[in-house]
2 protein chains.
Amino acid sequence: MTGQEGTSTQPGHPRVTAHRRGDLFDPDCPTRQLLDRVGSKWTTMAVLVLAGEEGEVRFAELRRRMAGVSQKMLTQTLRSLERDGLLTRRVEPTTPPRVHYGLTRRGRSLAGPLTVLKEWAETNMAAVDDHGRRWDESAAAG
Amino acid sequence: MTGQEGTSTQPGHPRVTAHRRGDLFDPDCPTRQLLDRVGSKWTTMAVLVLAGEEGEVRFAELRRRMAGVSQKMLTQTLRSLERDGLLTRRVEPTTPPRVHYGLTRRGRSLAGPLTVLKEWAETNMAAVDDHGRRWDESAAAG
DNA sequence: CAGAATCCTGCGAGATACTG
DNA sequence: CAGTATCTCGCAGGATTCTG
């Protein structure tokens with residue numbers, strides 16, 4: 001199933017890749033980078049905050065809700081999401097300027113998967129943390 | 001809803017945290033680190049490979065299936081998962097030794113969420129990649 | 001075969017200061 | 001207010017070598 005079409009050198013139309021499905025287990029497939037981006041802490045939080053609102057959220061509000069994020073990391077995260085076509089950025093040309101962020105349709109489609117992952121993490125955090133603690137103790141002892 | 005119990009200075013029982021649910025939006029909650037670990041590229045691939053088998057998988061086989069992973073990163077990933085109680089490590093004391101890895105029950109419970117995320121990434125990879133390319137072009141031009 | 005140990009490098013990410 | 005720009009440091013992570 002994996003490498004039977006992509007590596008062909010046939011001319012065809014340009015941008016054939018746009019129709020192809022990704023394959024996480026193909027080392028040359030960008031799906032890997034994409035997964036690393038969307039699975040990250042700040043991306044998850046940003047998408048989930050924005051998914052909670054039906055409208056848009058301003059920069060400062062976003063920053064407040066994602067407690068602990070630095071201004072730099074928030075900007076980077078939002079830029080990355082915008083570049084990937086997952087969120088929109090709308091600037092109100094006032095002074096001071098107001099910038100509003102909202103999810104695109106595709107961005108909203110990511111909220112489901114991330115919610116599932118977040119819930120898993122929240123549900124299992126305590127047990128995992130506990131297990132790790134015991135692990136460290138027995139490692140230090142033995 | 002978020003910070004109404006955790007920041008209390010009340011004594012209470014020790015290890016109360018072990019019963020509490022995690023909260024991704026609490027800056028002091030380990031859920032954030034956990035999310036970053038399990039959402040990563042190699043963790044996802046390892047769990048999904050192991051989830052595909054009913055039995056166990058050996059180190060070399062795992063490495064082969066996760067094409068592109070370095071020996072160091074694979075070892076690290078497996079150790080981390082073992083420490084978190086998500087997989088088991090079984091050593092056959094032969095020469096040469098054979099090491100078999102398998103998911104714990106909790107590890108298997110992670111396979112679902114990660115599959116959902118993986119499928120999202122594979123489905124949307126092409127469109128996201130394409131969007132990013134156009135983004136870069138217009139950024140270079142403008 | 002399945003690691004442990006070591007060296008080396010890039011970039012992840014915080015802190016700070018400046019702009020429109 | 002919502003960013004850019006710079007400097008800095010730590011460590012993630014690759015390549016290589018050694019062992020039982």
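Letters go in sequence order (proteins before strands), and every chain restarts at 1. Model, not experiment: these values are computed from the prediction.
- In this structure, the CZ atom of A:Arg89 is 11 Å from the C1' atom of D:dT4, given to the nearest Å.
- B:Asp36 has no carboxylate O lying under 4.0 Å from a charged side-chain N of B:Arg32, or vice versa, which leaves the two without a salt bridge.
- The pair A:Glu61-A:Arg58 does not count as a salt bridge, with every side-chain nitrogen at least 4.0 angstrom from each carboxylate oxygen.
- A rotation axis mapping the C1' atoms of four pairs onto the next four is fitted at both ends of the helix from C:dC1-D:dG20 to C:dG20-D:dC1 over five pairs, and the angle between these axes is 40° to 10 degrees.
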Exercise. Mark up nucleotides 13-20 of chain C, 5' to 3', with B wherever a protein heavy atom is under 4.0 angstrom from a base atom, S wherever such an atom reaches only the sugar-phosphate, and - elsewhere.
Key: BBB----B
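- Applying the salt bridge (charged side-chain N to carboxylate O under 4.0 Å, His left out) test to B:Glu56 and every residue at least two apart in sequence or in another chain returns B:Arg90.
- Remark: side-chain polar atoms of B:Ser80 are not paired, donor with acceptor, to backbone N or O of B:Gln76 under 3.5 angstrom.
- Summarising the geometry, the separation between CD on B:Glu82 and P on C:dG3 is reported as 9 Å, rounded to the nearest angstrom.
- Rounded to whole Å, the distance from CZ on B:Arg37 to P on D:dC11 is 16 Å.
- Under the 4.0 Å criterion applied to side-chain N and carboxylate O atoms, B:Glu137 and B:Arg134 are not assigned as salt-bridge partners.
- Between B:Arg83 and A:Asp136 there is a salt bridge, since a side-chain N of the basic residue sits under 4.0 Å from a carboxylate O of the acidic one.
- We find that OH of B:Tyr101 is positioned 8 Å from P of C:dA2, with the value rounded to whole Å.
- Here the P atom of nucleotide D:dA15 and the CG atom of B:Leu74 are 14 Å apart, to the nearest Å.
- A:Arg37 and A:Thr43 share no side-chain donor-acceptor pair at under 3.5 Å.
- For B:Thr94, the side chain to side chain contact (heavy atoms under 4.5 Å, CB included) partners two or more places apart in sequence, or in a different chain, are B:Glu92, B:Arg98.
- Under the 3.5 Å distance criterion, the side-chain polar atoms of B:Thr88 are left unmatched by any main-chain donor or acceptor of B:Thr104.
- In this structure, CZ of B:Arg90 is placed 13 Å from P of C:dG3, rounded to the nearest angstrom.
- Looking only at distances, a side-chain donor or acceptor of A:Ser138 sits under 3.5 Å from a matching main-chain atom of A:Trp135.
- Rounded to whole Å, atom P of C:dC1 lies 13 Å from atom NE2 of B:His100.
- Shown here are the side-chain hydrogen bond (donor to acceptor under 3.5 Å, both in side chains) partners of A:Arg106, two or more places apart in sequence or in another chain: there are none.
- Near-neighbour residues of DNA chain C inside residues 44-65 of chain B, defined by a heavy atom below 4.0 Å, number-ordered: B:Arg58, B:Phe59, B:Ala60.
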